[in-house]
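The next block holds one structure in the form of structure tokens; read it before the comments.
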Amino acid sequence: MNLIREFDFTEWNPKISAATSQQAIAALEGGFVICLPHLPFVLTEDEKRFLSETWSDKKSKNISLRPQGGLKGAVGSEADLKDLRAMIQRYSDQATQLVSSLFPDYVSNLVAANTSLRPFEVEWRVSSYRKDDKRLHTDAFPSNPTQGTRLLRVFNNVNLYGKPRVWRVGEPFDAMVAKYLPRAKNMFPGQAWLMQKLGITKRQRTPYDQLMLQLHDLVKADINYQRNSPQQSVDFMPGTTWIVYSDQVLHAAMSGQYMMEQTFHLPPEALYQPETSPIKILESIKGRSLGLAS
Ligand code: SIN
Ligand code: FE
């Protein structure tokens with residue numbers, strides 16, 4: 001099993017042939033990680049100072065730039081924060097260029113969400129098992145239901161000291177689903193409505209979100225699966241960019257420090273092959289719609 005597909009692009013808006021484009025699309029939507037080992041996010045000498053934990057407010061695990069422009073999780077003088085924001089914004093712009101070049105049909109439906117700088121070493125982080133991203137998982141968030149919208153992420157290791165970001169990548173989505181879907185519990189009647197009413201969720205949790213959360217939790221809780229399921233370890237070296245559908249690819253971050261990340265949202269219908277989306281896969285197994293009750 002090798003779920004990593006390497007391409008040697010060296011620019012954020014590469015000119016690529018139709019054949020290469022087809023390969024990239026098939027890889028991404030097929031649940032592979034697109035790895036670009038020769039695509040660094042270049043920091044100016046001045047910006048290198050931002051690779052430090054001192055800019056974090058220590059309350060958030062990331063420094064995030066919201067698409068509306070707000071910078072969250074950072075502390076510093078107004079001048080410093082202006083420079084920090086400009087650096088993160090440039091990453092956002094380059095990640096957007098990259099996705100637009102590789103997946104041109106996405107452009108009209110692609111929505112840029114947060115951009116983050118992740119300043120902390122991953123290896124020493126302690127958290128409850130549900131929040132522990134050192135355990136294999138597909139992304140699903142209790143308070144932030146996607147309702148089926150895809151989570152596309154562009155990562156870059158910006159470590160200056162040669163330290164890789166080490167991930168584990170697990171088996172294909174459908175293999176994991178086959179093992180855990182039978183154990184996934186539904187919501188109780190009225191739960192989705194109540195959670196939204198109480199502000200626990202930002203929008204209504206759909207049957208799809210419930211299943212994705214259950215899969216996330218069941219997989220993370222299963223120590224045997226974590227140790228023994230088919231998986232591979234990957235070292236993303238500094239200067240590497242990688243692109244992944246994090247709602248589809250089982251992943252775990254084992255060690256590493258200083259990474260940039262851009263999240264995009266995309267409706268499943270906007271994919272080249274919508275049937276590869278988690279919502280379509282789960283709906284086809286369940287034989288019913290998992291969207292909002294109409
Ligand atoms: C994750 O998405 O689970 C963490 C990725 C990382 O921080 O490398
Ligand atoms: Fe994750």
Side-chain angles (χ1 to χ4, degrees), residues 12 33 35-37 39-96 112-137 139 141-144 151 153-169 220 233-244 246 251-264:
W12 291 94
V33 177
C35 180
L36 312 173
L39 187 59
F41 175 59
V42 180
L43 304 188
T44 65
E45 277 309 313
D46 206 38
E47 285 172 340
K48 288 180 182 168
R49 72 187 196 279
F50 293 127
L51 301 188
S52 158
E53 296 171 5
T54 55
W55 305 99
S56 168
D57 68 3
K58 313 282 191 302
K59 292 193 274 275
S60 331
K61 70 179 189 180
N62 304 327
I63 293 173
S64 308
L65 181 62
R66 299 226 166 95
Q68 299 77 12
L71 191 64
K72 217 185 114 256
V75 288
S77 73
E78 206 174 307
D80 285 330
L81 293 182
K82 181 168 167 278
D83 292 351
L84 177 56
R85 173 198 304 264
M87 178 183 100
I88 300 175
Q89 182 64 55
R90 189 170 76 255
Y91 183 72
S92 177
D93 294 344
Q94 297 191 333
T96 302
N114 284 358
T115 318
S116 65
L117 163 62
R118 305 190 177 190
F120 294 106
E121 168 58 53
V122 170
E123 192 171 359
W124 315 120
R125 190 183 291 144
V126 277
S127 56
S128 66
Y129 85 88
R130 276 197 185 84
K131 289 192 175 160
D132 184 1
D133 288 341
K134 295 199 287 292
R135 300 184 186 215
L136 288 166
H137 64 284
D139 286 346
F141 307 104
S143 62
N144 203 355
L151 295 171
R153 295 199 146 141
V154 179
F155 298 96
N156 184 286
N157 183 354
V158 283
N159 190 284
L160 294 174
Y161 311 102
K163 196 178 203 304
R165 197 157 192 104
V166 180
W167 273 28
R168 290 184 293 142
V169 174
K220 277 190 174 174
S233 179
V234 196
D235 285 9
F236 296 108
M237 298 309 292
T240 301
T241 299
W242 62 106
I243 313 174
V244 26
S246 64
H251 60 282
M254 306 312 291
S255 65
Q257 188 171 16
Y258 306 124
M259 184 177 73
M260 305 297 301
E261 175 269 336
Q262 172 68 50
T263 301
F264 296 100

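This structure is a prediction, so every number in the text was calculated from the model and none was measured. In what follows, residues are counted from 1 in the order of the sequence shown. When reading the values below, keep in mind they use all heavy atoms of this one structure, side chains included, and skip hydrogens, waters and symmetry mates.
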For this session: For Lys61, check side-chain hydrogen bond (donor to acceptor under 3.5 Å, both in side chains) against everything at least two apart and list the hits.
Result: Asp133
Exercise. Residues two or more places apart in sequence or in another chain: which of them pass side-chain hydrogen bond (donor to acceptor under 3.5 Å, both in side chains) with Ser127?
Worked result: none
Exercise. Is it the case that more than 12 heavy atoms not belonging to Lys58 sit under 6.0 Å from its NZ atom?
Worked result: yes
Let me check something: any side-chain donor-acceptor pairs from residues 64-79 under 3.5 Å, sequence neighbours excluded? List them with distances.
from	atom 1	to	atom 2	distance (Å)
Ser77	OG	Asp80	N	3.1
Ser77	OG	Asp80	OD2	3.2

Are [X] and [Y] close enough that some pair of their side-chain heavy atoms sits under 4.5 Å apart?
X      : Y      : result
Met259 : Phe41  : no
Val122 : Lys134 : yes
Pro238 : Leu160 : no
Leu36  : Asn156 : no
Phe155 : Arg165 : no
Leu51  : Leu43  : yes
Ile88  : Phe50  : no
Asp139 : His251 : yes

Would you name the heavy atoms of [X] and [Y] that are closest together and state the gap between them?
X      : Y      : answer
Gln262 : Ala112 : NE2-CB, 3.8 Å
Pro40  : Trp12  : O-NE1, 3.4 Å
Val42  : Arg90  : O-NH2, 2.9 Å

For this session: Begin with the C-alpha distance, continue with both residues' side-chain angles, and end with the deciding distance and a verdict on side-chain contact (heavy atoms from CB on, under 4.5 Å) for Asn62 and Glu261.
Result: CA-CA 10 Å; Asn62 304 327; Glu261 175 269 336; 5.6 Å; no
Problem set entry | Separation between CD of Glu121 and CG of Asn159, rounded to the nearest 0.5 Å | 9.0 Å
Seminar exercise, completed: One should read off an interatomic distance between Thr241 OG1 and Tyr91 OH, to the nearest 0.5 angstrom, of 5.5 Å
Problem set entry | Side chain Arg85, main chain Lys82, donor-acceptor under 3.5 Å | no
Exercise. Within the side chain of Thr240, is there an N or O that forms a donor-acceptor pair under 3.5 Å with the backbone of Met237?
Worked result: yes
Exercise. Strictly by modelled atom types, are Gln257 and Glu53 linked by a side-chain donor-acceptor pair under 3.5 Å?
Worked result: yes
Exercise. How about Ser116 and Arg118: does a side-chain donor come under 3.5 Å of a side-chain acceptor?
Worked result: yes
Exercise. Should Phe264 and Val154 be marked as a side-chain contact (heavy atoms from CB on, under 4.5 Å) after you check the CA-CA gap, both sets of side-chain angles, and the distance that decides it?
Worked result: CA-CA 8 Å; Phe264 296 100; Val154 179; 3.9 Å; yes
